[in-house]
Trainee: 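Please see the structure below; I have some questions.
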Amino acid sequence: MSALNLSWHSKSLDSQVALRCGAYPTCSHQTNALAFRGSESMGHSLKFPFGNSSAKTRLRNHIRPPLRVVCVDYPRPDLDNTVNFLEAALLSSSFRSSPRPAKPLNVVIAGAGLAGLSTAKYLADAGHKPILLEARDVLGGKVAAWKDDDGDWYETGLHIFCRTGSNSFVNSAASSLYNAFSNSSLLYLLFNVFLWKVFNFGDFIVDLIESLFCFLQVGAYPNVQNLFGELGINDRLQWKEHSMIFAMPNKPGEFSRFDFPEVLPAPLNGILAILKNNEMLTWPEKVKFAIGLLPAIVGGQAYVEAQDGLSVQEWMRKQDFLWLLDTDSCLEYPEGVPDRVTTEVFIAMSKALNFINPDELSMQCILIALNRFLQVEVYSEKHGSKMAFLDGNPPERLCMPIVDHIQSRGGEVKLNSRIKKIELNDDGTVKSFLLNNGDVIEGDVYVFATPVDTLKLLLPDNWKEIPYFKKLEKLVGVPVINVHIWFDRKLKNTYDHLLFSRSPLLSVYADMSLTCKEYYDPNKSMLELVFAPAEEWISRSDSEIIDATMGELAKLFPDEISADQSKAKIVKYHVVKTPRSVYKTVPDCEPCRPLQRSPIEGFYLAGDYTKQKYLASMEGAVLSGKLCAQAIVQIVTVLSSELNNDYELLVARGQGSLTEATIS
């Protein structure tokens, strides 16, 4: 059954249907005031009444039939035995099983987003003492959220949790066959066609779309899934039906669905899904698309890395079909992959991945996603990349359990602790962090887990010419806007799922009053929408952004929403602007991403922009924190082993003994 069923009837629902939301009576009348909240960055709010009594009369006299909403959460997929999950679990366990330090390090960490929280969590697991400093009064960084005066939450972004798994036996077999056949052009061609026919002909596009969109903020993330399990909060994810749902811009109010039958394994479920959907691409376009992208499946990491200099649009236009016949020379096919493929598929992908359009996004970003996930999904079990929503606001439902874990192991978390300056010793190493309030925080090791733009603002002058830091100039955060709109009624043309708008201004959206338990409302819809690309809009007023959003929503909900609010009316809204979000994945930026261990002794970096395989995402942030913690634990272990003196070399720096983290 569909994850959402909105219907106007009074008949009892089948008692055997698993309901979370259930049946509710007629919607209550709206109050006589509209409350408008300004964007978090603008720091203002407006409240004003209806303009005239006739508006109140129309609303009061609006008769609504009984509304019945069915919202179904699906069982948690089988994650625990997949290769990616087990690899992530092994890394997590290495911290718990590492030798306990005789004198734990005091590690000062700037930034309590997921990267900083992850770093602190795993250092605490290894027996060290993290001191986590957050500039704002809220946890989460890019997953931060705030509660308004009405008790409603509004977030920095729309966050989706997915899963992937892999069958190591099949993957190994496919890899061996590929290596054996790649030396022969004819066998190479036949093997690729075999792969395409057997595994990818219909499944290819769906798996590609599914894998790439799961990168949105979170992605198909084994480290995040492990983190939930380690904290004992797996039940806080609300898994949705195995579908991908796209708006149809040329058919206002209609959606195109890819529904994956649960009874079939991959790739059969994907093949059936694509065979049932002919609305987005024609068959000739599907064929050209699939053949043009085959190198991403079989070309390996070297091929992926070689494409960093091209944008998605440039890469698509350079593709040909004759490469299949000759592995040594790639003759250019004049048409490449049809431009409509970019229009229909890759614009939405690019905006979901990095909030920018295909003419800016590095093709390596797409291919890394393919390389990490598509090869896996082609041979994966039937669940594929299923999606889940967090059951409430991220600071309380995700970040606070991490904080509790850190504090239970002796760590500290301090809010409202904005760093003003990185103070140095005479030898160029870090002496302390100076806060805006005048406090001085000292430790043995220092980690910067802030966005890359914040780090660049605070870099000491004598570090800026070091190649490791100088390369960061290429990495710049991309602006993004998250919009929340509360309506005076329950919208019918929506689903209990993530929806891809395919709009020029909007990336993805969801009716959070359906998808999230804490935000559930039987009488009114709250749409959360990602407004991207936002470069030209980030400096505009909230009212301009809302007007533009309503214009786009009128196309998605033509029977229910109009730009002038003559249909559904806005009760209130929040606009959250992030001028510098995840780093902008433009061509040639991959070599600029730094390793977590810097050339400055005792100074480390964490953040999704640092070197890790999951790009700019929540999984990337969590993994970067684990890798940062691993680098610290490893250097401590090595020094401790070499000196047999509990890493005196690391903490000496003229001090003679292990310092305590102090506030002076």
Side-chain angles (χ1 to χ4, degrees), residues 40 76 92 95-96 107-126 128-148 150-161 217-218 221 223-238 388-418 447 449-451 482 484 512 515-520 528 574 576 578 606-608 617-626 628-629:
E40 184 67 20
R76 180 177 182 265
S92 294
F95 297 103
R96 299 188 296 271
V107 184
V108 182
I109 304 168
L114 287 182
L117 288 166
S118 172
T119 304
K121 189 266 185 193
Y122 291 105
L123 283 172
D125 285 349
H128 298 289
K129 181 183 178 182
I131 301 96
L132 190 57
L133 308 175
E134 170 53 45
R136 302 186 294 182
D137 61 355
V138 61
L139 297 166
K142 299 184 187 75
V143 301
W146 299 265
K147 184 183 285 188
D148 67 14
D150 302 318
D152 295 318
W153 287 88
Y154 55 103
E155 306 180 3
T156 307
L158 181 54
H159 311 296
I160 308 301
F161 296 77
Q217 295 296 333
V218 188
Y221 298 152
N223 289 284
V224 169
Q225 296 295 339
N226 266 274
L227 181 61
F228 272 78
E230 292 158 20
L231 298 171
I233 58 172
N234 276 330
D235 60 344
R236 297 186 183 185
L237 289 177
Q238 294 178 246
F389 284 74
L390 191 63
D391 68 356
N393 71 89
E396 291 182 351
R397 303 299 289 169
L398 173 56
C399 298
M400 274 309 300
I402 306 177
V403 170
D404 292 341
H405 182 93
I406 293 167
Q407 292 176 335
S408 72
R409 284 158 175 74
E412 300 177 42
V413 179
K414 301 176 182 293
L415 301 180
N416 298 305
S417 300
R418 187 177 297 275
V447 176
T450 68
N482 209 46
H484 308 71
M512 299 299 285
T515 61
C516 176
K517 289 179 182 177
E518 184 177 9
Y519 304 162
Y520 174 69
E528 184 172 346
H574 289 290
V576 180
T578 306
D608 58 16
S617 60
M618 287 204 288
E619 170 74 0
V622 170
L623 179 56
S624 76
K626 294 175 81 169
C628 180

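Remember, it's a predicted structure, so these values are computed and weren't measured experimentally. Basis for what follows: all heavy atoms, side chains included, without hydrogens, waters or symmetry-related copies.
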Trainee: Under a 3.5 Å distance rule, please check whether Glu134 uses its side chain to pair with a backbone N or O of Ala112 as donor and acceptor.
Mentor: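 Checking the backbone N and O of Ala112 against the side chain of Glu134, a donor-acceptor pair under 3.5 Å is found.
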
Trainee: How many angstroms lie between atom NZ of Lys517 and atom CZ of Arg397, to the nearest 0.5 angstrom?
Mentor: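 Answer for the NZ-CZ pair, Lys517 versus Arg397, is 8.5 Å.
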
Trainee: Do Asn223 and Glu619 get their side chains close enough for a donor-acceptor pair, meaning under 3.5 Å?
Mentor: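 A pair is found: one side chain offers a donor N or O, the other an acceptor, under 3.5 Å apart.
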
Trainee: Stepwise, does the side chain to side chain contact (heavy atoms under 4.5 Å, CB included) test hold for Arg418 with Leu133?
Mentor: CA-CA 7 Å; Arg418 187 177 297 275; Leu133 308 175; over 6 Å; no

Trainee: Identify the heavy atoms of Gly116 and Ile109 that sit nearest to each other, and give their distance.
Mentor: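 In terms of heavy atoms, the two residues are closest at CA-CG2, 4.0 Å.
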
Trainee: Can you find a pair of side-chain heavy atoms, one from Leu123 and one from Lys129, that are under 4.5 Å apart?
Mentor: no

Trainee: How about Leu415 and Val138: do any of their side-chain heavy atoms sit closer than 4.5 Å?
Mentor: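 A side-chain contact is absent here, since even the closest heavy-atom pair is not under 4.5 Å.
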
Trainee: Determine whether Glu518 and Asp391 make a side-chain contact, defined as any pair of heavy atoms from C-beta on separated by less than 4.5 Å.
Mentor: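 The answer is no, as the side chains (C-beta and beyond) never meet within the 4.5 Å cut-off.
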
Trainee: Could you tell me whether the side chain of Leu227 reaches within less than 4.5 Å of the side chain of Lys121, counting heavy atoms only?
Mentor: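 Touching, per the 4.5 Å side-chain cut-off.
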
Trainee: Can you see which heavy atom on Ala145 is nearest to which on Pro394, and at what distance?
Mentor: CB-CD, 4.1 Å

Trainee: Go through the steps to decide whether Leu231 and His405 satisfy the test side chain to side chain contact (heavy atoms under 4.5 Å, CB included), and finish with yes or no.
Mentor: CA-CA 8 Å; Leu231 298 171; His405 182 93; 3.9 Å; yes

Trainee: Describe, in one word, how the ring planes of Tyr122 and Phe95 are oriented to each other, choosing from parallel (under 30°), tilted (30 to 60°) and perpendicular (over 60°).
Mentor: tilted

Trainee: Heavy atoms only: give me the nearest Gly392-Cys516 pair and the separation to one decimal.
Mentor: N-SG, 3.5 Å

Trainee: Picking from Ile402, Asp404, Leu132, what satisfies side-chain contact (heavy atoms from CB on, under 4.5 Å) with Val413?
Mentor: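 Of all the options given, the one that passes is Leu132.
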
Trainee: Under a 4.5 Å cut-off applied to non-hydrogen side-chain atoms, are Asp152 and Trp146 in contact?
Mentor: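 No, too far: nothing below the 4.5 Å cut-off.
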
Trainee: Would you confirm whether Ser118, through its side chain, and Val622, through its main-chain N or O, come within 3.5 Å as a donor-acceptor pair?
Mentor: yes

Trainee: Could you check whether any side-chain heavy atom of Asp608 comes within less than 4.5 Å of a side-chain heavy atom of Leu114, counting everything from C-beta outward?
Mentor: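 With C-beta onward as the side chain, the pair stays apart.
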
Trainee: Treating Arg136 as the side-chain partner and Ser417 as the backbone partner, does any N or O pair qualify as donor plus acceptor under 3.5 Å?
Mentor: no

Trainee: So, the side chain of Glu528 versus the backbone of Asn482: is there a donor-acceptor pair under 3.5 Å, distance only?
Mentor: no

Trainee: If every non-hydrogen atom of Pro130 is compared with every non-hydrogen atom of Ala120, which pair is closest and at what distance?
Mentor: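 Shortest heavy-atom separation between Pro130 and Ala120 comes out as CG-O, 3.5 Å.
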
Trainee: Working to the nearest 0.5 angstrom, can you tell me the gap between Asp148 CG and His484 NE2?
Mentor: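 Reported value, rounded in 0.5 Å steps: 10.0 Å.
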
Trainee: For Gly140 and Cys399, work out which heavy atoms get closest and say how close.
Mentor: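 In this case the closest contact between Gly140 and Cys399 is CA-SG, 3.6 Å.
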
Trainee: Do the non-hydrogen side-chain atoms of Thr578 and Thr156 ever get within less than 4.5 Å of each other?
Mentor: yes

Trainee: Is there a donor-acceptor contact under 3.5 Å from the side chain of Arg409 to the main chain of Ala124?
Mentor: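 Between the backbone of Ala124 and the side chain of Arg409 there is no qualifying donor-acceptor contact (under 3.5 Å).
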
Trainee: Determine yes or no for a side-chain-to-main-chain donor-acceptor pair under 3.5 angstrom, with His159 supplying the side chain and Val143 the backbone.
Mentor: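 Not confirmed, His159 side chain does not pair with Val143 backbone.
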
Trainee: Is any side-chain heavy atom of Val447 less than 4.5 Å from a side-chain heavy atom of Val108?
Mentor: no

Trainee: Do you know the tightest heavy-atom contact between Tyr519 and Glu155?
Mentor: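 Taking every non-hydrogen atom into account, OH-OE2, 2.7 Å.
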
Trainee: Evaluate the side chain to side chain contact (heavy atoms under 4.5 Å, CB included) criterion for residues Asn393 and Tyr154: first the C-alpha distance (whole Å), next the side-chain angles of each, then the deciding distance (0.1 Å), finally the verdict.
Mentor: CA-CA 8 Å; Asn393 71 89; Tyr154 55 103; over 6 Å; no

Trainee: Go through the steps for Met400 and Leu139 under the test side chain to side chain contact (heavy atoms under 4.5 Å, CB included), then give the verdict.
Mentor: CA-CA 8 Å; Met400 274 309 300; Leu139 297 166; 3.6 Å; yes

Trainee: Output the distance between atom CD (Gln238) and atom OG1 (Thr515), rounded to the nearest 0.5 Å.
Mentor: 7.0 Å

Trainee: Look at the side chain of Glu412 and the backbone N and O of Ile131, then say whether any donor-acceptor pair between them is shorter than 3.5 Å.
Mentor: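 No.
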
Trainee: Verify whether one side chain among Lys626 and Ser92 offers a donor that lies under 3.5 Å from an acceptor in the other.
Mentor: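 Per modelled atom types, Lys626 and Ser92 side chains form a pair under 3.5 Å.
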
